[in-house]
Asker: 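Please find one structure pasted underneath; my questions will follow.
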Amino acid sequence: GRDAELIVEIGPGAGESLIPMAEALPHCNVLAFEVYRPAIARMLGYLVRQGLDNVRIVEADAVAGIEHLLPPQSVDAIWTFFPDPWPKPRHHKRRLLTPGFAAMATSRMKAGATWRLATDSADYADSMRNVLDNDPRLASQHPTVWAPRWEARPITQFEQRALDAGRRIFDLAYRRVG
């Protein structure tokens, strides 16, 4: 019931990055789609302890949640950080970032809305870029290079492990243009 900018995070896990970012944006509504119940429980506990009231968590697959719960042109930002890369070629069909999902998610974004993504999988980063570059309603904010790391996104334990293992982090940033 609160009229505020709407940010959607897909798969925040236990909220290691979502919670600090939501704390920094108390004027925004943050809606998180997560399927892993223990992670949801940890997020809820932290939200209660911190007294954060601008975050809502939906225990649902993001594809179905975004499709059925969000009206067209209602979202101001989407965050998708480190989605499962499904690295084996036979599993690529399970990846979140497909042309169909991108088209549906983009339809929920307001004109000028941003979609920020990050992954430590070079193959998935290339795939994400290909999918999003081919959506005519999206424009890369860094079309010839990878986006710089978004300073507002805290480094999580997962990301730190990737860095410690020598894996590169690929950031992408897109804006809804049409």
Side-chain angles (χ1 to χ4, degrees), residues 1-88 90-110 113-121 124-125 127-128 131-132 135 137-138 150 152-154 156-159 171-174 176:
R2 191 172 87 134
D3 185 27
E5 288 184 29
L6 176 60
I7 299 167
V8 174
E9 180 157 4
I10 299 169
E16 195 177 349
S17 66
L18 174 127
I19 301 293
M21 290 189 297
E23 283 178 313
L25 300 167
H27 59 284
C28 294
N29 291 330
V30 180
L31 178 64
F33 289 100
E34 179 56 62
V35 295
Y36 188 56
R37 192 170 279 185
I40 294 169
R42 284 193 294 276
M43 271 192 292
L44 288 172
Y46 191 87
L47 291 169
V48 169
R49 283 191 300 279
Q50 295 303 111
L52 287 176
D53 62 358
N54 64 327
V55 178
R56 298 295 181 266
I57 303 166
V58 177
E59 183 181 1
D61 172 76
V63 175
I66 290 172
E67 180 179 10
H68 297 292
L69 298 177
L70 298 175
Q73 299 184 16
S74 63
V75 176
D76 295 283
I78 298 176
W79 298 338
T80 311
F81 304 129
F82 302 96
D84 193 329
W86 294 101
K88 294 180 181 176
R90 70 177 185 266
H91 294 152
H92 285 186
K93 63 186 174 211
R94 296 181 183 173
R95 288 179 169 176
L96 174 67
L97 260 292
T98 64
F101 176 70
M104 189 267 299
T106 301
S107 76
R108 297 328 194 243
M109 296 168 69
K110 294 178 181 177
T114 59
W115 193 347
R116 295 187 181 278
L117 308 97
T119 183
D120 64 327
S121 166
Y124 199 15
S127 176
M128 289 172 161
V131 166
L132 298 175
D135 189 311
R137 296 168 297 172
L138 291 172
W150 186 37
R153 180 174 54 80
T156 63
Q157 289 179 8
F158 178 84
E159 183 176 358
D171 280 83
L172 299 98
Y174 286 79
R176 165 88 192 251

Asker: Give me the atom names and distance for the closest heavy-atom approach of Ala118 to Asp171.
Answerer: CB-OD2, 3.8 Å

Asker: Would you give the length of the straight line joining atom CG of Leu117 to atom CH2 of Trp150, rounded to the nearest 0.5 angstrom?
Answerer: 11.0 Å

Asker: Show every salt bridge (charged side-chain N to carboxylate O under 4.0 Å, His left out) that has at least one partner inside residues 73-86, sequence neighbours left out.
Answerer: Asp76-Lys110

Asker: Go through the steps for Leu31 and Ile57 under the test side-chain contact (heavy atoms from CB on, under 4.5 Å), then give the verdict.
Answerer: CA-CA 6 Å; Leu31 178 64; Ile57 303 166; over 6 Å; no

Asker: Where do Ile10 and Ile78 land on the side-chain contact (heavy atoms from CB on, under 4.5 Å) test, with the steps shown first?
Answerer: CA-CA 8 Å; Ile10 299 169; Ile78 298 176; 3.9 Å; yes

Asker: For Glu34, is there any backbone N or O sitting under 3.5 Å from a side-chain donor or acceptor partner on Arg37?
Answerer: no

Asker: Which heavy atom in Arg116 sits nearest to a heavy atom in Phe81, and how many Å separate them?
Answerer: O-CE2, 3.7 Å

Asker: Given side-chain contact (heavy atoms from CB on, under 4.5 Å), test Arg153 with Glu159 step by step and report yes or no.
Answerer: CA-CA 11 Å; Arg153 180 174 54 80; Glu159 183 176 358; 2.5 Å; yes

Asker: With distance as the sole test, does Thr106 use its side chain to make a donor-acceptor pair with the main-chain N or O of Ala103 at under 3.5 Å?
Answerer: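 Judged by distance alone, no pair lies under 3.5 Å.
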
Asker: Could you report the tightest heavy-atom contact between Ile66 and Phe33, atom names first, then the distance?
Answerer: CG1-CE1, 3.7 Å

Asker: Locate the shortest heavy-atom distance separating Ala102 from Val131; write the atom from each residue and the value.
Answerer: CB-CG1, 3.7 Å

Asker: Assess the residue pair Arg137 and Ser107 against the criterion (side-chain contact (heavy atoms from CB on, under 4.5 Å)); give the C-alpha distance rounded to whole Å, side-chain angles, the decisive distance to 0.1 Å, and a yes or no.
Answerer: CA-CA 9 Å; Arg137 296 168 297 172; Ser107 76; 3.7 Å; yes

Asker: Quick one: side chain to side chain donor-acceptor pair (under 3.5 Å) pairs with a partner in residues 19-32, sequence neighbours left out?
Answerer: Arg2-Asn29, Glu23-Gln50

Asker: Is the shortest side-chain N to carboxylate O distance from Glu67 to Arg108 below 4.0 Å?
Answerer: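 The answer is no: the pair does not qualify as a salt bridge.
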
Asker: Under the rule for ring-ring contact (aromatic ring centres under 6.0 Å, His included), what residues qualify as partners of Tyr46, not counting sequence neighbours?
Answerer: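 Testing Tyr46 for ring-ring contact (aromatic ring centres under 6.0 Å, His included), a comparison that skips the adjacent residues, returns none.
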
Asker: Quick check: does any side chain N or O of Tyr124 sit under 3.5 Å from a backbone N or O of Leu97, one acting as donor and the other as acceptor?
Answerer: yes

Asker: Any chance you could measure Arg94, atom CZ, to His92, atom NE2, to the nearest 0.5 Å?
Answerer: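 Those atoms lie 11.5 Å apart.
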
Asker: Ignoring hydrogens, what is the shortest heavy-atom contact between Ala32 and Pro12? Give both atom names and the distance.
Answerer: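 Nearest pair, atom of Ala32 first, then Pro12: CB-CG, 3.7 Å.
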
Asker: Taking all heavy atoms of Leu138 and all of Tyr174, pick out the closest pair and write down the distance.
Answerer: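 Reported closest heavy-atom pair: CB-CD2, 4.1 Å.
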
Asker: Test of understanding: with salt bridge (charged side-chain N to carboxylate O under 4.0 Å, His left out), list the residues that count as partners of Arg42, not counting sequence neighbours.
Answerer: none

Asker: Go through the structure and list residues passing salt bridge (charged side-chain N to carboxylate O under 4.0 Å, His left out) with Arg49, not counting sequence neighbours.
Answerer: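 Per chain and number, Arg49 pairs via salt bridge (charged side-chain N to carboxylate O under 4.0 Å, His left out) with no residue.
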
Asker: Using distance only, find each side-chain donor-acceptor pair of residues 14-22 under 3.5 Å and give its atom names and separation, not counting sequence neighbours.
Answerer:
from	atom 1	to	atom 2	distance (Å)
Glu16	OE1	Gln157	N	3.4
Glu16	OE2	Gln157	N	2.7

